[in-house]
Asker: 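Questions regarding the structure given below will be posed in turn.
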Amino acid sequence: MIRLTNTLARQKQPFEPLVPGQIGMYVCGVTVYDYCHVGHARVYVVFDVILRALQRLGYRVRYVRNFTDVDDKIIARAQKNGESCEALTERFIAAFHEDMDRLGCQRPDEEPRVTTHMAEIVSMVQTIIDRGHAYAVAGEFGGQDVYFSVDAFPAYGALSGRSQSDNQAGASERVAEDPRKRNQADFALWKSAKPGEPAWDSPWGAGRPGWHIECSAMSCKHLGPAFDLHGGGKDLVFPHHENELAQSKAANDAEFARYWLHNGFVTIDSEKMSKSLGNFFTIRDVLARFHPQVLRYYLLTAHYTQPLNFSDKALEEATRRVLYVSERLAQAEEILSRSGLMECPPCAPAQALLDEALDALADDFNTPKVLAVLAELMTLLTPAMAKPKVSENVATIARVHEVVQQLGHVLGLFWPSPAGLAAEIVESARTRLFPPESEQLAWVERLVAERTAARTGKDFSRADELRQELLRGGVEIRDTRDGTVWRPSLGEA
RNA sequence: GGCGGCAUAGCAAAGUGGUAAUGCAAGGGACUGCAACUCCCUCAUCCCCGGUUCGAAUCCGGGUGCCGCCUCCA
């Protein structure tokens, strides 16, 4: 039994899909005019885990996520860059895909674009007019604007929990009143074209869709007039999702989305990370310094509905954690490959922890709880790995490894292999901080060699001095049977 | 002004009526030439006040603080 926080119901409730075993999920995508920041990364990582969790719990999920490729900001940016809107949006769609691939997010089944769904959009606007929920007025440069009439839709406000009068006081003074609107809360379904802007033909003249209608039209086309899950960031609840809901129901008389999931913001110093505040880091900025799976792990350390504060410290902690688990799994794999164990007999404690983790996922996708279970699984490994020749222990290691890999798959972590990931994390930091042929690298190698010489000569005080110096320079030393190895410090305490 | 969310150890974060998961940090110990890695142990009564209850971090009322939405926003 899955339970989830439904914004529409304002509470956590049991989830029942329209069709048993099958789920339709629509998540609002990005407006493609710039690189995505960590706030975007959170939405898509969160919904990727939700997708994977639903799949793991036995559902077939049809996942749809749109691209908004017609918009004021796109037009403005394209003009500023002196390029076409198409060139701009293609570029940032490619960049988005690249970011998502690096973060390990599965591609949705459909990624509809506004520009390829004009017929559906126009048709839906017409239907809404025909049903008396919208009206056309004269546009600024000829043609007509079409507005949705909130007064003709009594249920307006159901999702965000506001009455129509709520929106007036205080807020309206910030927006110039439009005398053509019957109610100032009415919003555009179709905007007549301004000179020089991209436009499409319609019964109301050349123009383009309002922001909200695209999602109504595209979700309807790809998931039908009623479907299960609709998601996005909390900032979309009002007005975007409220308007989508009103339009869709006005057009189709169907239930539209039954459960609405909204994730909390990524914050910086407790303030929302956003373009307008300028306090954002792009995904690329962050991935230049931290491994994608480290960012992904960090994004799952808080429950998706809660705010998540962004900081280097948090990313550094995530780095240590992901590296620790990867290395332990890699060790386990070594032991297993040497043992020649073919079967994987059951291990009650590991099974219990797996069940606990799956229950946590079913309970509103509680990833922090899953990570806690993961930690407990790792401690289960300790006594077994201390005596890796005992066959009972090998069985435990095999089972725990298997369970952790399963959880890793749901979380999208520890791929392509634990050993591979651990190496990537260390090597990428090494290459970044101590590039080949660099002075820094030469410095490290010189001091390491000096220290080895000192140790060989039993000059331990000199050796310790050198280690301290390396540590101050961001290098950790480790003496092994095969000699001394070093790695960059991965974030200090 | 309207609507909504949150407040748990030094930090982060689960927990929605039965006597506080987990991670990081910190302290102690094992290991080590010394370290690192790893392992073991220790470390909170849950913003304040009042109420309901045999029993509340968890429910209700009242405060205080922080944040968000109401304009583009993930």
Side-chain angles (χ1 to χ4, degrees), chain A residues 7 10-12 27-31 36-47 71-73 157 160-163 165-176 185 211 231-240 242 262-267 269-277 280 297-298 301-303 305-309 311 313-314 316-318 320-321 323-325 327-328 331 356 360 363 366-376 378-379 382-383 385-386 455 458-461 463-465 467-468 470-471 475-480 484-487 489 491-493:
Chain A
T7 307
R10 256 163 277 288
Q11 62 181 343
K12 205 196 274 193
V27 174
C28 283
V30 289
T31 300
C36 287
H37 59 62
V38 179
H40 300 109
R42 184 177 192 192
V43 184
Y44 303 116
V45 165
V46 159
F47 281 98
D71 167 85
D72 289 343
K73 292 189 293 293
S160 58
R162 344 177 162 228
S163 65
S165 54
D166 284 347
N167 293 316
Q168 297 309 313
S172 60
E173 60 201 41
R174 283 188 286 170
V175 182
W211 174 34
K234 268 187 158 66
D235 46 2
L236 295 184
V237 175
F238 189 90
H240 184 56
E242 189 71 73
H262 291 100
N263 68 277
F265 301 131
V266 174
T267 60
D269 296 330
S270 298
E271 287 200 319
K272 180 186 175 187
M273 178 183 288
S274 73
K275 288 251 167 164
S276 43
L277 286 173
F280 64 90
Y297 180 98
Y298 152 76
T301 55
H303 186 84
T305 55
Q306 297 301 120
L308 177 61
N309 205 46
S311 69
K313 189 183 167 198
E316 283 160 4
E317 187 177 326
R320 285 193 290 273
R321 208 51 207 154
L323 188 59
Y324 166 79
V325 176
E327 289 185 329
R328 294 243 89 191
Q331 282 171 25
E356 200 180 332
D363 185 12
N366 191 340
T367 56
K369 181 77 184 291
V370 176
L371 296 180
V373 172
L374 180 63
E376 297 196 54
M378 299 315 284
T379 67
T382 299
M385 295 206 351
R455 290 181 74 227
K458 304 276 184 206
D459 185 355
F460 292 121
S461 65
D464 291 352
E465 267 176 41
R467 191 187 50 240
Q468 284 306 316
L470 283 161
L471 206 52
V475 175
E476 285 173 9
I477 289 287
R478 192 170 160 193
D479 297 320
T480 72
T484 298
V485 296
W486 67 273
R487 69 159 57 152
S489 306
E492 54 284 3

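Each chain gets a letter, A, B and so on, in the order the sequences are listed, and its residues count up from 1.
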Asker: Could you tell me the separation between the CZ atom of A:R487 and the P atom of B:U38, rounded to a whole number of Å?
Answerer: 8 Å
Asker: Give me the atom names and distance for the closest heavy-atom approach of A:F265 to A:R42.
Answerer: O-NH1, 3.1 Å
Asker: Does a distance-only test, which skips hydrogens and angles, find a donor-acceptor pair under 3.5 Å between the side chain of A:D72 and the base of B:C72?
Answerer: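 No, no donor-acceptor pair under 3.5 Å.
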Asker: Looking across every strand, which nucleic acid part, if any, lies under 4.0 Å from A:E327 by heavy atom: base, sugar-phosphate, or nothing?
Answerer: nothing
Asker: Please give the nucleotide sitting opposite B:A35 as a Watson-Crick or G-U wobble pair, both distances under 3.5 Å, or none.
Answerer: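 Because no pair has both required distances under 3.5 Å, B:A35 counts as unpaired.
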Asker: Does a distance-only test, which skips hydrogens and angles, find a donor-acceptor pair under 3.5 Å between the side chain of A:R467 and the base of B:C34?
Answerer: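 Indeed, a donor on one side and an acceptor on the other fall under 3.5 Å apart.
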Asker: Please confirm whether the shortest side-chain N or O distance from A:K272 to OP1 or OP2 of B:C69 is below 4.0 Å.
Answerer: yes
Asker: In whole angstroms, how far is the P atom of B:C31 from the CZ atom of A:R478?
Answerer: 18 Å
Asker: Counting only Watson-Crick or G-U wobble pairs whose two distances fall under 3.5 Å, which nucleotide matches B:G55?
Answerer: none
Asker: Check whether any side-chain nitrogen or oxygen of A:Y297 sits under 4.0 Å from OP1 or OP2 of B:A13, and answer yes or no.
Answerer: no
Asker: Need one value for A:A375: base, sugar-phosphate or nothing, where a base atom within 4.0 Å counts as base even if backbone is also close, heavy atoms only.
Answerer: sugar-phosphate
Asker: Looking at A:N366, does any N or O in its side chain come under 4.0 Å of the phosphate oxygens OP1/OP2 on B:G15?
Answerer: yes
Asker: With a 3.5 Å limit on both atom pairs, tell me what B:U19 is paired to, counting Watson-Crick and G-U wobble, or say none.
Answerer: none
Asker: Is there a donor N/O on one and an acceptor N/O on the other, under 3.5 Å, for the side chain of A:D464 and the base of B:G33?
Answerer: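 In this structure, the two groups form a donor-acceptor pair.
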Asker: Can you see which heavy atom on A:P307 is nearest to which on A:A302, and at what distance?
Answerer: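 In this case the closest contact between A:P307 and A:A302 is O-CB, 4.3 Å.
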Asker: If you measure from the Lys or Arg side-chain nitrogens to the Asp or Glu carboxylate oxygens, is any gap between A:D363 and A:K369 under 4.0 Å?
Answerer: no
Asker: Starting at atom CG of A:L236, determine the distance to atom C1' of B:C72, rounded to an integer number of angstrom.
Answerer: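 Rounded to the whole Å, the gap is 11 Å.
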Asker: Locate the shortest heavy-atom distance separating A:S270 from A:N309; write the atom from each residue and the value.
Answerer: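 Looking at all heavy atoms of both residues, the closest pair is N-OD1, 3.1 Å.
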Asker: Of all the nucleotides listed (B:A14, B:A35, B:C70), which has the minimum atom distance to the side chain of A:R162?
Answerer: B:C70
Asker: Could you tell me the separation between the CD atom of A:E242 and the C1' atom of B:C3, rounded to a whole number of Å?
Answerer: 12 Å
Asker: Can you tell me the pairing partner of B:G10 across any strand shown, Watson-Crick or G-U wobble, with both distances under 3.5 angstrom?
Answerer: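 Its partner is B:C24 (Watson-Crick or G-U wobble, both distances under 3.5 Å).
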Asker: Contact class for A:G39 vs. all strands (heavy atom < 4.0 Å): base, sugar-phosphate, or nothing?
Answerer: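 Counting heavy atoms under 4.0 Å across all strands, the contact made by A:G39 includes a base.
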Asker: On RNA chain B, check which nucleotide each of A:P307 and A:T31 is closest to and give me the residue with the more 5' one.
Answerer: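 Here A:P307 is the residue nearer the 5' end.
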Asker: Tell me what A:K458 touches on the nucleic acid: a base, only sugar-phosphate, or nothing, going by heavy atoms under 4.0 Å.
Answerer: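 The residue A:K458 makes no contact with any strand.
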Asker: Scan A:Q468 against the nucleic acid and name what it touches under 4.0 Å (heavy atoms): base, sugar-phosphate only, or nothing.
Answerer: nothing
Asker: Checking base pairs now: Watson-Crick or wobble, both atom distances under 3.5 Å. What partners B:C47?
Answerer: B:G63
Asker: Name the nucleic acid region contacted by A:F265, choosing base, sugar-phosphate or nothing; use a 4.0 angstrom heavy-atom cut-off, strictly under.
Answerer: base
Asker: For B:C69, give its Watson-Crick or G-U wobble partner with both distances under 3.5 Å, or none.
Answerer: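 Paired with B:C69, as far as the under-3.5 Å criterion goes, is B:G2.
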Asker: Regarding A:H303, tell me which of base, sugar-phosphate or nothing describes its non-hydrogen contacts under 4.0 Å with the strands shown.
Answerer: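 Sugar-phosphate only.
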Asker: List the atom of A:H240, the atom of A:C28, and the distance in Å for their closest heavy-atom pair.
Answerer: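 So the two residues come closest at NE2-SG, 3.5 Å.
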Asker: For A:D71 and A:L371, find the nucleotide of RNA chain B closest to each by heavy atoms; which residue's nucleotide sits nearer the 5' end?
Answerer: A:L371
Asker: Considering only heavy atoms and no angle criterion, is a donor-acceptor pair shorter than 3.5 Å present between the side chain of A:R455 and the base of B:G33?
Answerer: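 Result: at least one qualifying N/O pair found.
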Asker: How many whole angstroms separate atom CZ of A:F238 from atom C1' of B:G4?
Answerer: 13 Å
Asker: I'd like to know if A:E476 and A:R320 make a salt bridge, using a cut-off of under 4.0 Å between side-chain N and carboxylate O.
Answerer: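 So A:E476 does not pair with A:R320 through a salt bridge.
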Asker: NA contact type, A:M273, heavy-atom cut-off 4.0 Å: base, sugar-phosphate, or nothing?
Answerer: base
Asker: Can you name the nearest heavy-atom pair linking A:R321 to A:A375, along with the distance?
Answerer: NH2-CB, 3.6 Å
Asker: Scan A:V266 against the nucleic acid and name what it touches under 4.0 Å (heavy atoms): base, sugar-phosphate only, or nothing.
Answerer: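 Base: the residue A:V266, judged by heavy atoms under 4.0 Å, touches a nucleobase.
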